[in-house]
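First the structure, in the form of structure tokens, and then the observations on it.
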Number of protein chains: 2
Amino acid sequence: MSRSGADLASLLLGGFRVLVGDATLELAKRGYEDVRPVHDFTMRAIAAGADNASELGRRLSVSKQAAAKTVAVLEERGYVARGPDPLDARRKRLQVTALGFEVMRVGEAVFDELRDRWKRQIGSKQLERLESDLVALVGPSPVLVERPGGIAHRLN
Amino acid sequence: MSRSGADLASLLLGGFRVLVGDATLELAKRGYEDVRPVHDFTMRAIAAGADNASELGRRLSVSKQAAAKTVAVLEERGYVARGPDPLDARRKRLQVTALGFEVMRVGEAVFDELRDRWKRQIGSKQLERLESDLVALVGPSPVLVERPGGIAHRLN
DNA sequence: CTTTAATCGTCAACCTGGTTGTCCACATAA
DNA sequence: TTATGTGGACAACCAGGTTGACGATTAAAG
């Protein structure tokens, strides 16, 4: 059928949207409202060691101010706690709370369930193939290889 | 290796970003700066018959005000022209200009070239397989099946 | 030890691409 | 003719980004 390159882009975006949209809906259904992928990513980065806003910004390829904003909402919702850093008075140390870890865990489970659904639809072999093709095309960690300068939010 | 569902989402988004990011860069290199996918989609919808802002909004699953804003930038850049509708004085009729059609054509070519690059990387068969799997999973026209209420921009 | 430079967090202003609500002009059905 | 619906414009707002500036603090250089 020889689809066009633009169609390919639509399909990739569509796949992402369906997956994330369904996940967000399911999360809300399980009591975690207003949790978005960006929150999950942020918590993961914090848990992985980005324990101050500037470092978090660097990890997420985003300005420290933007990172601080995200942290503010996460703190407000009780997913992240902020305290003084005993070693450096300039820093405020970030920590994922128990609730934060809980939402991360549930989110992971939801995504895995959705992936299982896809697996049943196209088959295990085929899904793995799809994933390895994508890895070959974009590299293993696309989120971190973003270009600087805010290209990410200019993609719409 | 059994990747997680969240990884799958990242891969899909990553694929989209790489493709669209490269395309935007290439478009800029060819003299069409500040053209984004949303502009292309909008022009296509107008060309396909959504010749007033309200109708355009419905086609794009977006409020008429949002559609009007997009049209305003398109008009400013000379890609779309707006005139009175002789049949209905409330409407302002939208038309894609010659320049608009040109950028659509070039954009298409760029995306097709990028798709060719991917084809060389993973093979023609495999790319077609990837596309048909995605079609099976999200349907043939994911852009139009968006949920109402602005879920689209809540996916980050 | 002091001065200089870098870094952290915060504030403010702004941009993009959306949203809602309100309003008036015009079209259409009763 | 009148009630209702629709198109476009304006305003206010929001999320999630951006820059620029600035005080406090730390680290490096002298």
Side-chain angles (χ1 to χ4, degrees), chain A residues 13 17 20-21 24 33-42 46 50-77 80 82-94 143 146-156, chain B residues 13 17 20-21 24 33-42 46 50-77 80 82-94 143 146-156:
Chain A
L13 180 58
R17 279 186 169 172
V20 170
T24 304
E33 305 214 0
D34 261 338
V35 181
R36 312 231 177 288
V38 72
H39 301 139
D40 193 78
F41 281 132
T42 303
I46 294 170
D51 69 344
N52 65 81
S54 292
E55 177 57 27
L56 184 60
R58 283 188 291 264
R59 297 269 186 115
L60 264 29
S61 299
V62 114
S63 66
K64 60 181 179 177
Q65 294 91 332
K69 281 192 194 178
T70 305
V71 166
V73 335
L74 250 15
E75 189 186 15
E76 187 185 276
R77 306 232 217 288
V80 162
R82 250 172 21 136
D85 187 323
L87 295 146
D88 188 335
R90 292 170 304 177
R91 292 188 171 90
K92 300 250 174 106
R93 200 173 36 176
L94 269 26
V143 191
E146 290 183 27
R147 290 73 150 195
I151 255 196
H153 82 291
R154 244 173 247 157
L155 293 181
N156 282 328
Chain B
L13 180 59
R17 280 186 169 171
V20 170
T24 305
E33 305 214 359
D34 261 341
V35 181
R36 312 228 179 291
V38 73
H39 301 141
D40 193 78
F41 282 132
T42 303
I46 294 170
D51 69 344
N52 65 81
S54 293
E55 177 57 25
L56 185 60
R58 284 188 290 264
R59 295 269 187 119
L60 265 29
S61 300
V62 112
S63 65
K64 60 182 179 177
Q65 293 91 332
K69 282 192 193 180
T70 305
V71 166
V73 334
L74 251 15
E75 187 185 16
E76 189 186 275
R77 306 234 216 288
V80 161
R82 250 170 24 132
D85 187 323
L87 295 145
D88 187 336
R90 292 171 305 176
R91 292 188 171 91
K92 301 256 173 101
R93 200 174 35 177
L94 270 26
V143 191
E146 289 182 29
R147 290 72 150 193
I151 255 195
H153 82 292
R154 245 172 247 158
L155 292 182
N156 283 329

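Numbered from 1 within each chain, the chains take letters A, B, ... in sequence-line order. What you see is a predicted model; the values in this text were computed from it and never measured.
Here the nucleotide nearest the side chain of Gln65(B), chosen from dA11(D), dG17(D), dC26(C), is dA11(D). Side-chain proximity of Arg58(A) to dC8(C), dT19(C), dC26(C): nearest is dC8(C).
Between the CG atom of Leu87(B) and the C1' atom of dT28(C) there is a distance of 15 Å, given to the nearest Å. Atom-to-atom, CZ of Arg93(A) to C1' of dG9(C) comes out at 16 Å; the value is rounded to the nearest Å. If you take CG of Asn52(A) and P of dT26(D), they are 14 Å apart, rounded to a whole angstrom. Separating the CD atom of Glu55(A) from the C1' atom of dT7(C) is a distance of 12 Å, rounded to the nearest angstrom. Atom CG of Leu56(A) is separated from atom P of dT7(C) by 17 Å (rounded to the nearest Å). Rounded to a whole Å, the NZ atom of Lys92(A) is 13 Å from the C1' atom of dT25(D). Across the protein-nucleic acid pair, Phe41(A) atom CZ and dG16(D) atom C1' stand 15 Å apart, rounded to whole Å. At whole-Å resolution of the value, CG in Asp85(B) and C1' in dG7(D) are 10 Å apart.
Ser54(A) comes within 4.0 angstrom of sugar-phosphate atoms only, judged by non-hydrogen atoms across all strands, and of no base. If you check every strand for non-hydrogen atoms under 4.0 Å, Ala89(B) touches sugar and phosphate atoms only.
Of all non-hydrogen atoms in Ala67(B) and Val62(B), the two that sit nearest each other are N-CG1, 3.7 Å. Annotation for Thr24(B) and Val35(B): closest pair CG2-O, 3.8 Å, computed over non-hydrogen atoms. Taking each heavy atom of Lys64(A) and Ser54(A) in turn, the nearest pair found is CD-OG, 3.7 Å.
Nearest-nucleotide positions on DNA chain C place Asp88(A) closer to the 5' end than the other of Asp88(A) and Thr70(B). For Arg82(B) and Val73(A), each mapped to the nucleotide of DNA chain D holding its nearest heavy atom, the one lying further toward the 5' end belongs to Arg82(B).
The base of dG8(D) sits within donor-acceptor range of the side chain of Lys64(B), with an N or O pair under 3.5 Å. A donor-acceptor contact under 3.5 Å is formed by the side chain of Lys69(B) with the base of dG18(C).
Taking only side-chain nitrogens and oxygens, Ser63(B) comes nearer than 4.0 Å to OP1 or OP2 of dT19(C). One finds no side-chain N or O of Arg90(A) lying less than 4.0 angstrom from the OP1 or OP2 phosphate oxygen of dT26(D).
Of the possible donor and acceptor atoms, one in the side chain of Thr70(B) sits under 3.5 Å from a partner among the backbone N and O of Ala66(B).
Annotation: side chain of Asn52(A) is not in contact with side chain of Lys92(A) (no heavy-atom distance under 4.5 Å).
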